Each structure stands twice: as C-alpha cells, then as structure tokens.
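Heads up, the thing below is written out as structure tokens.
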Amino acid sequence: MHEPRPAMKAPPYWWEAAPVKPIPTTPLPKQTDVLIVGAGYAGLSAGLRLAKAGRSVIALDKQNPGEGASSRNGGITSGNIRLDYKTLVRKFGEQRALAIEAEGKLAREFLYQLLAEENIQCDFNLVGRFSGALGPHDYEDLARSAEKLHKTLGVESYSVPHSEQRSYLGTDFYRGGSVRMDIGGLHPAKFHAELLRVAQNAGVSVHSDTAVLSIDQDGSGFTVKTSAGTVIAKQVLVCTNGYTDATNSWLRRRIVPVRSRIIATEELPAELMTRLMPKQMMCSETRVLGFYYRPSPDGKRILFGGRDGSIAGDPIEPTLYLQRNLTEIFPELENVKLSHNWFGNVAMHRDMIPRIFSRKGITYATGFCGSGVVWAPWIGTQAANKMLKNDNAAVSAFDFRPPASIPLYRGTPWFMPAFMALYRFQDKLLMRKAGRKN
C-alpha cells in the first residue's frame, strides 16, 4: 500500500460553498430581554424562537458565527444517543430513558419541519443511514435494534444481510448492517448561513468577534460585560458547547472539547461513486471509535470522519489514520488524493446526552456529544421554551441536573490520548472477536 498523502486544503470543504464570514459591525445594544452566548445552531434556534415570541434578543459569538462545530461537522442528521437503552435506564430510570429515545424522533421531525417552514436551502436529502456491522454478533444487535425502533417508534428501519450489502454500500468490509430511513444529510455551513438569515430576519441581533468576559447577576437580571461593551439582560442563555472557554470555568470543568476530523476525497468518477455509494446514504459502523462517512451533496466525493485524538496543533497522523481506514473499507480508493482535511470540537461530558439546565439564573443548552445537527436546534428551542415559561410546550427529557464535573480537569483534555488508545485497543478486540484482521 502506498503511503497516503496529506490533504491539500485545511479549511473545511463546506466553506467553499458557504464561507464563514464576520457580521457587519453594528453598535451593541445596551439592554435586551435575552442575551445568548454562542451563535451556532443552538444559539440561533433559541434566538429565533424567542424573537418570534416577542422578546428582544442579542446573540454573541467570540468567533464568526458558525465558525465552530456548526460549519465543520459531517452534516448527518443522526441525532445519536451515545448510551444504549440499558445504560440509560441504569443512569436515569426507565421513564426518562423511554422519553429520551422518543424525543430523538421528535427532534429529527422538528429539524425537517424547520427546514421546510423557513425555506432553508441547505442541500437536505432524506436518504437514510446504513450502519455496518463488524461481525455476526454486531449484525444481530443491529437487527434487533432496527426491529425495536420500528415497533416502538414507527421508524422505517430494517436489517441488511451481508448478501445484500452491496446494494447499499460498495464494500465487503462489513458483515451486513441495518438501515434507518429517518436520517439524511445536509450541507452544514449552508444550514448555518440560512439559519442565521432567518434569525436575523426575525429580529435577533447577532454580533461576531464579541467575547463575553463576565456575567453577573444583578437583582432580577444580569450585567454582561463583553469585548464590545456592557449589556443589561433580563435573561441569559449559554450555548457554547465544544468551544466553551475559561470565562465560564464552572461549565468548562463539565464539557470536554474532543476533536473530530474529516477528510474529503478529490472528485471521483461518477461510475465509481455509483458503485461505492449506490443509494447515496449516510454511513456509520459498530466500532467504539466508529467512523462516519457520506457522499458530498453533489455526489462527487466521499467525506470520511472520526475522532482525532490530538489535543494541540494540527498533526498529520490523524489525517493519515483516517485515510488508512477509508481505504480499508474501500480498497478502490487506495491511490485517491484528498482535497480537504479539517477538524472541529465536539462537546462530551460524563452523562453523554444533550442537556438543558439552569444555574444561578442562567439557562444552559449544551453537551451535544457529536450529534449537534439534530440536537442543537432542538435543545436550543426547548431551552427557549423553558425561558418563555411556555405552558403548552412539554418539558424536555433532557431538562434536568447539570453534568457532573470531571476531576482534575480545567479545560485542557490531557486525558484524551490515553482514552483514544484504550478505545482503539477495544476496537482491536472487537475486530478479533469478529474474526477480522487489524
């Protein structure tokens, strides 16, 4: 096998069609009903809901709005919950576990309705997702999960035996898999740009390059000091997720930024794309550090992502690691060049489910655990409903206590390389159990 060559471009592939740009500078209002920290999917969705309810809203971002995870992700509407049902029951009880699973369906439906109602043009296509099984045991688990999903939530989901796999994915790497048809793909940077447009049109005042320096409770409201001046706000909503900084040290001890990296191939021949991705589905797999991948919206490239493992700089090894695994799944891509290579932070925490909570009068919507395309708009909107005291809105199953703090952690995830090594070792054991070389 030839040594893989690094990608040509470091900025995200998505930025070519939807560049992330600063908001034209306008004076920062001196007061507002609601101040939102973070102008990604969650912050803008919350702002949209609040503005439509008649509240004055300011959304601040220390970068350009969308420059973080909202324009760097894979654009897959997965809405994953990292914990399996048994673990959810053990940690949170059966009632909340059932509600969490059901809310995932609602969250996807909410996203698709938002795209339609607001005429958001972001290359959305409800193509379904194929999940590949490493071995027979994984296949049986996927088949049972697909059957349960269909029976309990009415989602179109079914197993795909190995003999039929190439009708869905042009590889023999997996030993069958499953499909669920309520998952699709979109262009994440276009989605954010359109959501920004809709929120601004609704009256949300969005400001880029405006860092929040402190938030102090002052009687019934808050004094928020920023790099552009001070704002008096009746309510504050924090939606910083994987880009939480030292300004909010309490939240930072609970939210771990984990790098997720994506590579994009050069444009591939149409017949090769048809052979490798005959149904243009989104893709995942059963490894602990499983990879996610998809065709580009124009159907000309494959975008392939996974956890990075690095915590500083931009080392080349994570890119080479992704390319080695891409060619293991699709040997025909061995000599294909990469056109793009980038990473962004996802927000992990000890509970591993998205969360809404309040502390000292401040509302938080955060912790999307790598599935923010679905969860961030939903959780942001549910947090807005909470702030509006909307009696007609059901209380979200994700609205309860804050995540626990992480011992000895103050913002630098020094432990991630060790965890990544452990997870990769677990994947080697899974491969061996499945009778696979690794």
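Fair warning: this is a prediction, and the values are worked out from it, not measured in the lab.
- Using a 4.0 Å cut-off between charged nitrogen and carboxylate oxygen, Asp141 and Arg144 count as a salt-bridge pair.
- Looking at Asp172 and Arg166, a side-chain N of the basic residue comes within less than 4.0 Å of a carboxylate O on the acidic one, giving a salt bridge.
- Under the 6.0 Å cut-off for aromatic ring centres, Tyr409 and Phe415 qualify, their centroids lying closer than that.
- Looking only at distances, a side-chain donor or acceptor of Thr327 sits under 3.5 Å from a matching main-chain atom of Arg324.
- With contacts defined as side-chain heavy-atom distances shorter than 4.5 Å, the pair Arg259/Arg307 does not qualify.
- With a 4.5 Å cut-off on side-chain heavy atoms, His349 and Val256 do not count as touching.
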Pairs of donor and acceptor atoms involving the side chains of residues 90-98, under 3.5 Å and at least two apart or interchain, shall be tabulated with distances.
residue	atom	partner	partner atom	Å
Arg96	NH1	Ala397	O	2.7

**OP:** Take Arg49 and Thr381, measure what side-chain hydrogen bond (donor to acceptor under 3.5 Å, both in side chains) needs, and give me the verdict at the end.
**Re:** CA-CA 6 Å; Arg49 175 71 182 93; Thr381 302; over 6 Å; no
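- Residue Phe425 qualifies as open at atom CZ: its count of foreign heavy atoms under 6.0 Å is 12 or below.
- The closest side-chain heavy-atom distance from Arg180 to Phe130 is not below 4.5 Å.
- In this structure, a donor-acceptor pair under 3.5 Å is present between the side chains of Glu16 and His340.
- Lys105 has a carboxylate O that lies under 4.0 Å from a charged side-chain N of Glu109, or vice versa, which qualifies the two as a salt bridge.
- Ion pairing between a basic and an acidic side chain is recognised when a charged N comes within 4.0 Å of a carboxylate O; Lys86 and Asp84 show no such pairing.
- Heavy-atom contacts from other residues, nucleotides or ligands closer than 6.0 Å to NZ of Lys148 number more than 12.
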**OP:** Evaluate the side-chain hydrogen bond (donor to acceptor under 3.5 Å, both in side chains) criterion for residues Gln323 and Asn325: first the C-alpha distance (whole Å), next the side-chain angles of each, then the deciding distance (0.1 Å), finally the verdict.
**Re:** CA-CA 5 Å; Gln323 191 169 21; Asn325 281 276; over 6 Å; no
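- Ile353 has its side chain within reach of Phe400: a pair of non-hydrogen atoms, C-beta onward, lies under 4.5 Å apart.
- Counting non-hydrogen atoms of neighbouring residues, nucleotides and ligands closer than 6.0 angstrom, the NE2 atom of His150 reaches no more than 12 such neighbours.
- Around OH of Tyr321, the count of heavy atoms belonging to other residues, nucleotides or ligands within 6.0 Å exceeds 12.
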Subject >> Test log, rule side-chain contact (heavy atoms from CB on, under 4.5 Å), inputs Phe330 and Phe173 >> reply: CA-CA 8 Å; Phe330 298 117; Phe173 180 79; over 6 Å; no
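- Within the structure, ring pair (Phe, Tyr, Trp, His ring centres under 6.0 Å) contacts touching residues 49-77 (residues at least two apart or in different chains) do not occur.
- Under 4.0 Å is where a charged nitrogen must lie from a carboxylate oxygen, and between Asp427 and Arg287 no such pair does.
- With respect to Arg252 and Asp245, no salt bridge is recorded, no charged nitrogen being found less than 4.0 Å from a carboxylate O.
- Using a 4.0 Å cut-off between charged nitrogen and carboxylate oxygen, Asp123 and Lys190 count as a salt-bridge pair.
- Within the 6.0 Å centre-distance limit, the rings of Phe124 and Tyr112 are counted as a close aromatic pair.
- In this structure, Leu48 and Leu114 have side chains that are in contact, with non-hydrogen atoms separated by less than 4.5 Å.
- Annotation: Phe304 is in aromatic contact with Phe291 [ring centroid separation under 6.0 Å].
- The distance from atom CG of Leu338 to atom CG of Leu322, rounded to the nearest 0.5 Å, is 9.0 Å.
- The only option from Trp375, Trp378, Phe368 that meets the ring-ring contact (aromatic ring centres under 6.0 Å, His included) definition with Phe398 turns out to be Trp375.
- A side-chain donor from one of Ser56 and Asp33 sits under 3.5 Å from a side-chain acceptor of the other.
- In this structure, a donor-acceptor pair under 3.5 Å is absent between the side chains of Thr366 and Arg355.
- Looking only at atom types and distance, the side chain of Glu103 has a donor-acceptor partner in the side chain of Ser396 under 3.5 Å away.
- Using a 3.5 Å distance cut-off with no hydrogens or angles, the side chains of Ser284 and Ser131 do pair a donor with an acceptor.
- Electrostatic pairing of Arg197 and Glu118 does not count as a salt bridge here, judged by no charged N lying under 4.0 Å from a carboxylate O.
- Between Trp250 and Tyr364, the ring center distance clears the sub-6.0 Å criterion.
- Annotation: the span from Lys52 atom NZ to Leu50 atom CG amounts to 12.0 Å, rounded to 0.5 Å.
- A donor-acceptor contact under 3.5 angstrom links the side chains of Glu285 and Tyr174, judged on distance only.
- With Thr244 as the partner, the side-chain hydrogen bond (donor to acceptor under 3.5 Å, both in side chains) test is satisfied by one option alone out of Thr240, Asn241, Asn248: Thr240.
- No side-chain heavy atom of Leu268 sits less than 4.5 Å from a side-chain heavy atom of Arg301.
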Original post:
Yes or no on side-chain contact (heavy atoms from CB on, under 4.5 Å) for Ser260 and Phe343, after CA distance, side-chain angles and deciding distance?
Top reply: CA-CA 5 Å; Ser260 188; Phe343 67 87; over 6 Å; no
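- With hydrogens and angles disregarded, no donor-acceptor distance shorter than 3.5 Å links the side chain of Arg254 to the backbone of Gly367.
- Between the side chain of Arg401 and the backbone N or O of Phe357 there is no donor-acceptor pair closer than 3.5 Å.
- Side-chain atoms of Asn73 come within 3.5 Å of backbone atoms of Gly75 as a donor-acceptor pair (strictly under, hydrogens ignored).
- Checked for salt-bridge contact, Arg261 and Asp314 meet the test: a charged N lies under 4.0 Å from a carboxylate O.
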**OP:** Assess whether side-chain contact (heavy atoms from CB on, under 4.5 Å) is satisfied between Lys386 and Ser358, documenting all intermediate values.
**Re:** CA-CA 10 Å; Lys386 178 178 181 174; Ser358 298; 3.2 Å; yes
**OP:** Decide side-chain contact (heavy atoms from CB on, under 4.5 Å) for Met387 and Leu237; before the verdict, give the C-alpha distance in whole Å, the side-chain angles of both, and the deciding distance to 0.1 Å.
**Re:** CA-CA 9 Å; Met387 299 173 80; Leu237 172 63; 3.8 Å; yes
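- No donor-acceptor distance shorter than 3.5 angstrom exists from the side chain of Ser178 to the backbone of Tyr158, with no hydrogens or angles considered.
- Using a distance-only test at 3.5 Å, with no hydrogens or angles considered, no donor-acceptor pair links the side chain of Ser296 to the main chain of Ile302.
- Relative ring orientation between Tyr41 and His192 is described as tilted, the plane-to-plane angle lying within the 30° to 60° band.
- Between Glu147 and Lys151 a salt bridge is recorded (basic side-chain N to carboxylate O distance below 4.0 Å).
- Side chains of Lys62 and Ser208: no donor on one and acceptor on the other come within 3.5 Å.
- Enclosure of atom CG in Asn64 by more than 12 non-hydrogen atoms of other residues, nucleotides or ligands within 6.0 angstrom is indicated.
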